[in-house]
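Structure first, then comments.
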Amino acid sequence: MANPSSKSSGKAPAGGTTRITPRATDYSKWYLDIVEQAQLADHSAVRGCMVIRPYGYSIWEKMQRELDQRFKDTGHQNAYFPLFIPVSFLSREARHVEGFAKECAVVTHHRLRAKTDKSGVEVDPESRLEEPLIVRPTSETIIWSAYKQWIQSYRDLPILINQWANVVRWEMRTRLFLRTAEFLWQEGHTAHATEAEALEETRRMLEVYRDFAENIMAMPVLRGEKTPGERFAGALETFSIEGMMQDRKALQAGTSHYLGQNFARAFDVQFLNAQGQLEHVYASSWGVSTRLIGGLIMTHSDDAGLILPPKLAGIHAVIVPIYKTDEEKTKVYAECEKVMAEIKAQGHGVHWDKREGLSPGSKYYDWEIRGVPLRIEIGPRDVDSGKLVLVRRFVLEQPGENEKALRMRKKQILSRQEALASITPALAEMQQQLFQRALAFRQKNSRLINSMGEYDEFFKQGGGFAWVHWAGTQEDEETMAKQHQTSIRNIPLPGQGPEGSDAPGVCILTGKPSARRVVMSQSY
RNA sequence: CGAGCCGUAGCGCAGUUUGGUAGCGCGUCUGCCUUGGGCGCAGAAGGUCGCGAGUUCAAAUCUCGCCGGCUCGACCA
């Protein structure tokens, strides 16, 4: 055993530079290391709440831009409703309050006063609120109380509104991005004259989420309906998109709910239809949150750090200059300037790392951890030969390939012109291959399972998505959850599973006939 | 919320058993030297030891309470 204070041997870093824990060693440590070292987020002084750092927030901003455009393209407008909700509003819808009551932050007073011993301040008991307010865990109630004022006739419908906001859910156990007490999200809340229209909206937004997840995040997702036990509190139907993370657990990445007339009844929102009859309004709601950033990390990243799909990268290429003398620096900098301008002109984000006193190697590690898709190295040799060194953060692994060969393939020395011309296609290819790789991973770890024996074996071997026929009760579901730490992620819409997954069969637990398979797995 | 572990400089940790001057590595700053995968040398700055109370001549160290983090469970649109 080496003395911990002695110099480490081999190619370990010279100093105590923090390294990322490999996935194989400790998956959740790996995840936290990336969040921390890529400077995405920090824990804050408040339990369960995070500070989203600029680099992490820039990813959220990119996501927002893409999603917001899709919402606008499907006819929605943004609006904003209050952070506080009268506690009585929550209880208007019975299931809704049941679902959220246990995780609400409550405001009961509006004033502080100095303590008598001058040691600080305390709640002024005189300032107790007539009715406590909760900090919104979701906004259905406050929004439907407003919709009541807006809707009288079928001519006022549909209302297609989205809100970008923060919400608070006092979770028992939190993890950065995946489950925090406060998180950022968007919530769409729509009102319709007919059930069919509201259902269509519910499915349309599920498809918007799928499109965004797969084409922007390069994260394949399964669309499907949640079982009654997993439904949103107050919904008649809940649909989700579920991604498979690299540890083969599922992550619920977005939900779209058909709320029927539940909230319209709770807030007495009726409209006069074209036939002159009063009717309750039909509703949908749908949301995705900063949890997506957690999904992004766990879908693509590797032991060297974050890997960003180009469409979510603010910086697509980083330029690292290499020089010894002032003379070389001048020469190299002139070239960097030109290369930077040309990449910018192509419409890509580019950053020139001018930090002094850091070796190029340090900079390489730095940008790798942050997941920047392309690195361009420019040294005197390159300037003289009219070439550029272009290094990709990610190339598709080939079977049996060792780490050194992989690294060699990431690095190309190209003529300046060739290198610049290859940036756009390289980014497009990376985006495509990240999706392909994640999809192949999910397929490899998805299986049609027809007996409890197979089921046990599958999860003993590491698990994944088990496509099983199911006709059990909610109690049966809970029993499965206890015994296997698995749950029904959703009942996938047809056409998404392995060969033969859409055929009817019999429940693996009860043997009763079943029309469709469900996907069971461990989850976040 | 239950069990276990943890909280000492920006980061990672030693010191706590047996109370007695606040330590190490990395990072940071200054200068020199370097720069094609985490350079080197010299010097310097940096601390309410998570917070509060208690025991004591004396508390990072012992006691009690609280806060926060990690892992596992319970819980979780």
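Here is how names work: the chains are called A, B, and so on, in the same order as the sequence lines, proteins then strands, and each is numbered from 1. Just so you know, these numbers come straight off a predicted model, no measurement behind them.
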Just name whichever nucleotide pairs with [N], Watson-Crick or G-U, keeping both distances under 3.5 Å, else none.
{"N": "B/A45", "result": "none"}
{"N": "B/G27", "result": "none"}
{"N": "B/A58", "result": "none"}
{"N": "B/U63", "result": "B/A53"}
{"N": "B/U21", "result": "none"}
{"N": "B/U34", "result": "none"}
{"N": "B/U16", "result": "none"}
{"N": "B/C1", "result": "B/G73"}

Next on the checklist: Does a side-chain N or O of A/Ser359 approach OP1 or OP2 of B/U34 to a distance below 4.0 Å, or not?
Outcome noted: no
Find the distance [X]:[atom1] to [N]:[atom2] and express it as a whole number of Å.
{"X": "A/Lys404", "N": "B/G37", "atom1": "NZ", "atom2": "P", "answer": "13 Å"}
{"X": "A/Asp353", "N": "B/G36", "atom1": "CG", "atom2": "P", "answer": "14 Å"}
{"X": "A/Met408", "N": "B/G36", "atom1": "CE", "atom2": "C1'", "answer": "13 Å"}
{"X": "A/Tyr323", "N": "B/G36", "atom1": "OH", "atom2": "P", "answer": "12 Å"}
{"X": "A/Asp366", "N": "B/G38", "atom1": "CG", "atom2": "P", "answer": "13 Å"}
{"X": "A/Arg375", "N": "B/G36", "atom1": "CZ", "atom2": "P", "answer": "12 Å"}
{"X": "A/Ile20", "N": "B/C11", "atom1": "CD1", "atom2": "C1'", "answer": "15 Å"}
{"X": "A/Asp326", "N": "B/U35", "atom1": "CG", "atom2": "P", "answer": "13 Å"}

Next on the checklist: If you only use heavy atoms from C-beta on, which nucleotide in B/G36, B/G37, B/C76 is closest to the side chain of A/Arg407?
Outcome noted: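 For A/Arg407, the side-chain atoms sit closest to B/G37.
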Using the [atom1] atom as the point on both nucleotides, what is the distance between [M] and [N], in whole Å?
{"N": "B/A9", "M": "B/A14", "atom1": "C1'", "value": "14 Å"}
{"N": "B/G7", "M": "B/A60", "atom1": "P", "value": "16 Å"}
{"N": "B/G50", "M": "B/G12", "atom1": "P", "value": "14 Å"}
{"N": "B/G47", "M": "B/C24", "atom1": "C1'", "value": "15 Å"}
{"N": "B/A42", "M": "B/U34", "atom1": "C1'", "value": "15 Å"}
{"N": "B/G2", "M": "B/C11", "atom1": "C1'", "value": "32 Å"}
{"N": "B/A45", "M": "B/G10", "atom1": "P", "value": "16 Å"}
{"N": "B/G54", "M": "B/U8", "atom1": "P", "value": "24 Å"}

Checklist entry - For RNA chain B, whose closest nucleotide is more 5', that of A/Lys324 or that of A/Ser523? => result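 By nearest-heavy-atom nucleotide position, the 5'-most residue is A/Lys324.
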Item to check | A/Cys49 or A/Phe183, whichever maps to the more 5' nucleotide of RNA chain B | outcome: A/Cys49
Item to check | Over 12 foreign heavy atoms within 6.0 Å of CD1, A/Ile413 | outcome: no
Checklist entry - Counting only heavy atoms not in A/Asn402, do more than 12 sit closer than 6.0 Å to its CG atom? => result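 More than 12 within 6.0 Å, yes.
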Next on the checklist: Walk along nucleotides 2-7 of chain B from 5' to 3' and tag each nucleotide B, S or - by protein heavy-atom contact under 4.0 Å, base first, then sugar-phosphate.
Outcome noted: ------
Between the protein and nucleotides 70-74 of chain B, which nitrogen or oxygen pairs are less than 3.5 angstrom apart?
{"residue": "B/C70", "atom": "OP1", "partner": "A/His43", "partner atom": "NE2", "Å": "3.3"}
{"residue": "B/U71", "atom": "OP1", "partner": "A/Ser28", "partner atom": "OG", "Å": "3.2"}
{"residue": "B/C72", "atom": "OP2", "partner": "A/Arg173", "partner atom": "NH2", "Å": "2.8"}

Checklist entry - Using a distance-only test with no angle check, is there a side-chain donor-acceptor pair under 3.5 angstrom linking A/Arg489 and A/Ser487? => result yes
Checklist entry - Side chains of A/Gln522 and A/Arg248: is there a donor and an acceptor less than 3.5 Å apart? => result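 No, A/Arg248 and A/Gln522 have no side-chain donor paired with an acceptor closer than 3.5 Å.
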Would you call the rings of [X] and [Y] parallel, tilted or perpendicular, where under 30° means parallel and over 60° means perpendicular?
{"X": "A/Trp30", "Y": "A/Tyr27", "answer": "tilted"}
{"X": "A/Phe71", "Y": "A/Trp286", "answer": "tilted"}
{"X": "A/Phe183", "Y": "A/Trp185", "answer": "perpendicular"}

Check whether any side-chain heavy atom of [X] sits under 4.5 Å from a side-chain heavy atom of [Y], and report yes or no.
{"X": "A/Lys329", "Y": "A/Val332", "result": "no"}
{"X": "A/Tyr323", "Y": "A/Thr330", "result": "no"}
{"X": "A/Leu420", "Y": "A/Val339", "result": "yes"}

Item to check | Distance flag, aromatic centroids of A/His257 and A/Phe232, threshold under 6.0 Å | outcome: yes
Checklist entry - A/Tyr365 stacking on B/G38: centroids under 5.5 Å, ring planes under 30°? => result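 Yes, A/Tyr365 stacks on the base of B/G38, since the ring centres sit under 5.5 Å apart and the planes are within 30°.
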Next on the checklist: Consider salt bridge (Lys or Arg N to Asp or Glu O under 4.0 Å). Of A/Lys249, A/Lys226, A/Arg210, A/Arg223, which one does A/Glu242 pass it with?
Outcome noted: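 Between A/Glu242 and the candidates, salt bridge (Lys or Arg N to Asp or Glu O under 4.0 Å) is satisfied uniquely by A/Lys226.
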So what does [X] touch, heavy atoms closer than 4.0 Å: a base, only the sugar-phosphate, or nothing?
{"X": "A/Pro137", "value": "nothing"}
{"X": "A/Trp185", "value": "base"}
{"X": "A/Val389", "value": "base"}
{"X": "A/Gly254", "value": "nothing"}

